[in-house]
Each structure stands twice: as structure tokens, then as C-alpha cells.
Protein chains: 2
Amino acid sequence: MREQGYAAVTSRALAAKAGLKPQLVHYYFRTMDDLFLALWHRRADSLYKRQDDILKSTKPLKALWDLTSDPQDVVLSYEFVALANHRKNIRAEIAEFGDRYRERQMKILTGLLKKKRDALGGWPVMMSVMVLDSLARVLAVEDALGMKVGHAKARGAVGRLIKQLER
Amino acid sequence: MREQGYAAVTSRALAAKAGLKPQLVHYYFRTMDDLFLALWHRRADSLYKRQDDILKSTKPLKALWDLTSDPQDVVLSYEFVALANHRKNIRAEIAEFGDRYRERQMKILTGLLKKKRDALGGWPVMMSVMVLDSLARVLAVEDALGMKVGHAKARGAVGRLIKQLER
DNA sequence: GTCTATACCGAGATAGAC
DNA sequence: GTCTATCTCGGTATAGAC
């Protein structure tokens, strides 16, 4: 899915990787949509767990930025969203996850950032969270594409900001 | 491409929409990759032109934010990036466009924003441009998915910031 | 649980008539 | 330029034997 896109995830390709016959895939997951949903649920659980770990971290902002910047993760998320774009039942689940994930993120960061609103230009905490989140995602996707312009400056600026906030 | 993803763009589907036979698609574009590249070149030209118009606008920041927020546009871009993710020749062209597009964006905004760096928390102009850009994109994609959390707050904050900068 | 056999469909692509 | 005819491949999915 990461290397060739969700469209390359076929019963034949999966079976070949496992050294088995394609029909077995349909034995475990009747349809390919079932399979993608199962895959998504695994992933959602894993993301929630990693989010919880960030709560316990001594530098949650840094940890969050690193998590959201992971190119492997971002490319996978990208594929799931593309998949959601034309499979309605998957879209509903992903949208629900996205909203819930952000709400949890707010809980983690509200306490930390409220005291430092002036260092963040006085913006609402929600806004700062979304800016960091979207910037990390876009940078990672662009990296995967091979884009470069502005990346060093942006990563530098964010790195310094986070260091200052968590000193 | 917007409604069902790039994978739904097939010679058969295109021909059906045009009331013609699928083989004609291959007459005009030998391979489907040729077709996607032609489509991309059209789109790139159009995006460059709209970027130029922003230069002439009296409120370029507002115009830029609106352009980048257009859900139809963003979803299409999303599909092209997903496509690029597993077609190397397309990836190269899209990455090149992305870098060039951002450099042009810098030229448009550097003059405008340099004088107002204090209103932007002292961040480099490049950083402000990328923050606005990535936030607009992520909001639009999330909208398309049906996500809501934080959107009103983020749009409100950005709207006020842009208004203040361009008053 | 894993296999063989098999169905059906729709994708990309080419050859050649008109 | 548009058609008919045709090929090949690879996708999803089911039935039924072992």
C-alpha cells in the first residue's frame, strides 16, 4: 500500500507475498473492503496507542511532531484517505477517527500550551495544534514526492519553536 | 478523477462519457500514462495562470487562501499526488511543479510580508507561506472527508489574520 | 484451512476495415 | 477519425474437494 498505492493491494498480490492462493484471502475477508476495514482498524488502534504514549513523554510537542512527520506513516495515511475518497463505508470510519484523534490531541496539548499562548502569537491552542499537524503532514508528503523548496527553513523554524516551548 | 479517484479514469469510462468507443482514447493517447500527463500539464498551466492573477489582486493573501482552499482543486491535487506515488514519470513532473509553484509564491508574497513580520510572530516569510498553504490544503481535504473538529476555529483565526494584514 | 476449478468482468492495448 | 474485432492479463468472487 505504501509502495504502490492501495490499488496495488489485490487478493492475487497478497497471496503471492504469502506464498498462498488468492482464494484464501477471500476465505479470511469475504470482500476486499472487509480487508481494508480490518487493516484500518488495526492502524487506528496503533495510532491511538502512540498518541497515548505522547501524553507520558517529557517533551510531548517534540514527540507529536516526530510522530506526525514520519514519512512511512504519512504516506500510508495518504493512501487511506485516497481510498476513503471513493469507498463510502471506509470514509465514514476514517472521518470519525480523524475528528476523535484531534479531540484527544487537544486534551494532551491544552494544558501545556495555554500557559504559553504569548509565545504562539496569541493564537488559540486549537489553531496551534492544527498548524503543527498540517505542516508536518504536508512536509512529509512533499518529501515522499521529492520536493525540497522551503523544507529546511520550515523544519528549522518549527524545531526552534518547539525547543523553546519545551525548554 | 475527483469523484471516484484516478483509478476510475479508464479508457472505457472516458469513452462511455463521450459516447464513443474505448479504442479512440488510445488513438489520442497511446497509453493511459500519456493521458494523465497531458491532463496534468493542462492543470499545471491553469494553476500557474491563477497564481499570476493573484499577483494582480488587491488582496493577494485572501486570494491565495481562497485558491488553496477550493475543495474541488484540493481533491484533484490529492489524486494527482496519489497517482504520482506509484508512477515515476508522473512523480518527477509533479514534484518539479510543486517546487516551482512554491518559489513563485515566495516572489509574490515576500514584498508584501516582509514589512509585516512582527504581525506574523517574526517568522521567516517562507514559513508563513508554508503554514498558510498546508493549513488550507489539510482543511479542504478534511472537509471532503466530512471532518469538522477545529475547522471553524482555524478558518476564523486565519480569516482575521489575513484581514488584519491586508487592511 | 487450503486447495483446484471456474466464473465473470473490465482493464489496457493492437490490427485493420471504412 | 471512428469503427469492429480481438487479444491478454489480472482483478473479485464462489463452489466444492480434501
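Quick note on labels: first sequence line is chain A, next is B, and so on, each numbered from 1.
- Note: B/Tyr48 and B/Phe97 have tilted aromatic rings, judged against thresholds of 30 and 60 degrees for the angle between ring planes.
- When every heavy atom of B/Arg91 is checked against every heavy atom of B/Asn85, the shortest pair comes out as NH1-O, 3.7 Å.
- The CG-C1' distance, from B/Asp33 to C/dA13, rounds to 13 Å in whole Å.
- Here A/Phe36 and A/Phe29 keep their ring centres 6.0 angstrom or further from each other.
- The CE-C1' distance, from B/Met32 to D/dG10, rounds to 17 Å in whole Å.
- As a whole-Å value, the separation of B/Arg12 CZ from D/dC7 C1' is 12 Å.
- Ring pair B/Tyr6/A/Tyr6 is tilted by interplanar angle, where 30° to 60° counts as tilted.
- Using a 4.0 Å cut-off between a side-chain N of Lys or Arg and a carboxylate O of Asp or Glu, A/Asp52 and A/Lys56 do not qualify as a salt bridge.
- In this model, the phosphate group of D/dG11 is not approached by any side-chain N or O of A/Ser11 to a distance below 4.0 Å at OP1 or OP2.
- Summarising the geometry of A/His151 relative to A/Asp143, their closest heavy-atom pair is ND1-OD1, 3.0 Å, with the distance given to 0.1 Å.
- Of all the residues in residues 15-28 of chain A, A/Leu20, A/Lys21, A/Gln23, A/Leu24, A/Tyr27, A/Tyr28 reach under 4.0 Å from DNA chain C with at least one non-hydrogen atom.
- Within the 4.0 Å cut-off from OP1 or OP2 of D/dT14, at least one side-chain nitrogen or oxygen of A/Arg30 is found.
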